[in-house]
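Below is one structure, written out as structure tokens; the observations come after it.
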Amino acid sequence: MSTKKKSTQGRKNRAAGRRFEAKVRANLENKGWIVSKWMNTVDYKKKKSGKLVPAKRKYNPFFKALSIGTGFPDFVCFKRSRGNYEVIGLEVKKNGYLDKKEKGMCYWLLKNRIFSRILIAKKGKKRGEIEYIDFKKKYM
């Protein structure tokens with residue numbers, strides 16, 4: 001595949017990912033959740049145990065701009081239930097697959113009680129369907 005074809009495909013993939021993120025966000029907001037972009041990530045370089053730090057911005061030399069929102073997970077969600085607030089993390093992946101580093105960050109976030117649950121949003125079997133996977137149930 002030529003460089004031009006790869007860059008065009010990458011642009012299409014990123015745009016599709018942004019559209020899917022927006023769709024997932026709207027879906028949760030319709031279910032009564034307050035959804036906000038998560039701007040932090042887990043940094044294992046500071047200590048062996050890890051530390052929550054602000055996510056670095058990524059620079060795009062073509063647009064000469066910094067992109068925001070490179071934290072893990074993608075969103076933090078709040079919902080009032082029985083007088084308390086439930087706080088969950090939400091990672092949006094079209095295929096639902098987390099790599100080893102992302103799984104490690106999920107374990108750390110749950111162990112340190114940053115989130116009560118972490119959900120992974122993926123495309124469902126039917127067109128337009130969104131499936132939510134609970135990280136604890138699948139991986140722990």
Roughly how far, to the nearest 0.5 Å, is [atom2] of [Y] from [atom1] of [X]?
{"X": "Asp99", "Y": "Met105", "atom1": "CG", "atom2": "CE", "value": "7.0 Å"}
{"X": "Arg117", "Y": "Lys137", "atom1": "CZ", "atom2": "NZ", "value": "7.5 Å"}
{"X": "Lys122", "Y": "Glu129", "atom1": "NZ", "atom2": "CD", "value": "10.0 Å"}
{"X": "Lys51", "Y": "Asn112", "atom1": "NZ", "atom2": "CG", "value": "13.0 Å"}
{"X": "Ile88", "Y": "Leu28", "atom1": "CD1", "atom2": "CG", "value": "6.5 Å"}

Any side-chain heavy-atom pair from [X] and [Y] closer than 4.5 angstrom?
{"X": "Lys136", "Y": "Leu110", "answer": "yes"}
{"X": "Phe72", "Y": "Asn40", "answer": "no"}
{"X": "Leu52", "Y": "Trp108", "answer": "yes"}

Which heavy atom of [X] sits nearest to which heavy atom of [Y], and what is that distance?
{"X": "Thr41", "Y": "Ala55", "result": "CG2-CA, 4.1 Å"}
{"X": "Leu109", "Y": "Pro73", "result": "CD1-CD, 3.7 Å"}
{"X": "Trp33", "Y": "Cys77", "result": "CE3-CB, 3.6 Å"}
{"X": "Gly32", "Y": "Lys79", "result": "O-CG, 3.9 Å"}

**Q.** Chi angles and distances behind the side chain to side chain contact (heavy atoms under 4.5 Å, CB included) call for Val76, Leu90
**A.** CA-CA 6 Å; Val76 58; Leu90 174 69; over 6 Å; no
Tell me whether [X] contacts the main-chain N or O of [Y] through its side chain, where contact means a donor paired with an acceptor under 3.5 Å.
{"X": "Ser116", "Y": "Val87", "value": "yes"}
{"X": "Lys31", "Y": "Ala26", "value": "no"}
{"X": "Glu102", "Y": "Leu98", "value": "no"}
{"X": "Asn27", "Y": "Lys23", "value": "no"}

**Q.** Val35-Met39 co-clustered via ILVMFWY side chain contacts under 4.5 Å
**A.** no
**Q.** Cluster check Ile118, Ile34: I/L/V/M/F/W/Y, side chain < 4.5 angstrom
**A.** yes
**Q.** Tyr139 and Asp134: side chain donor to acceptor below 3.5 Å
**A.** no
(Q) Against Thr8, only a single residue in Lys12, Lys5, Lys6 fulfils side-chain contact (heavy atoms from CB on, under 4.5 Å); can you say which? (A) Lys12
Q) Just one of Asp74, Val24, Leu119 clears the side-chain contact (heavy atoms from CB on, under 4.5 Å) bar with Glu91, so which one? A) Asp74
(Q) Salt bridge check, Glu21 against Arg25: does any charged N sit closer than 4.0 Å to a carboxylate O? (A) no
Q: May I ask you to say whether Arg80 pairs ionically with Glu86, meaning some side-chain N is under 4.0 Å from a carboxylate O?
A: no
(Q) Between Phe135 and Tyr107, is the ring pair (Phe, Tyr, Trp, His ring centres under 6.0 Å) condition met? List the steps. (A) CA-CA 9 Å; Phe135 180 82; Tyr107 286 122; 5.2 Å; yes
Q: Show the numbers, then the answer: is there a side chain to side chain contact (heavy atoms under 4.5 Å, CB included) between Phe20 and Lys123?
A: CA-CA 9 Å; Phe20 186 60; Lys123 282 191 159 195; 3.7 Å; yes
Q: With Lys37 as the cation and Phe75 as the aromatic partner, state whether NZ or CZ is under 6.0 Å from the six-membered ring centre and within 45° of the axis.
A: yes
Q. For Lys103, does the NZ atom sit with more than 12 other heavy atoms under 6.0 Å from it, leaving out its own atoms?
A. yes
Q: Kindly state whether the ring of Phe115 and the ring of Trp38 have centres lying under 6.0 angstrom apart.
A: yes
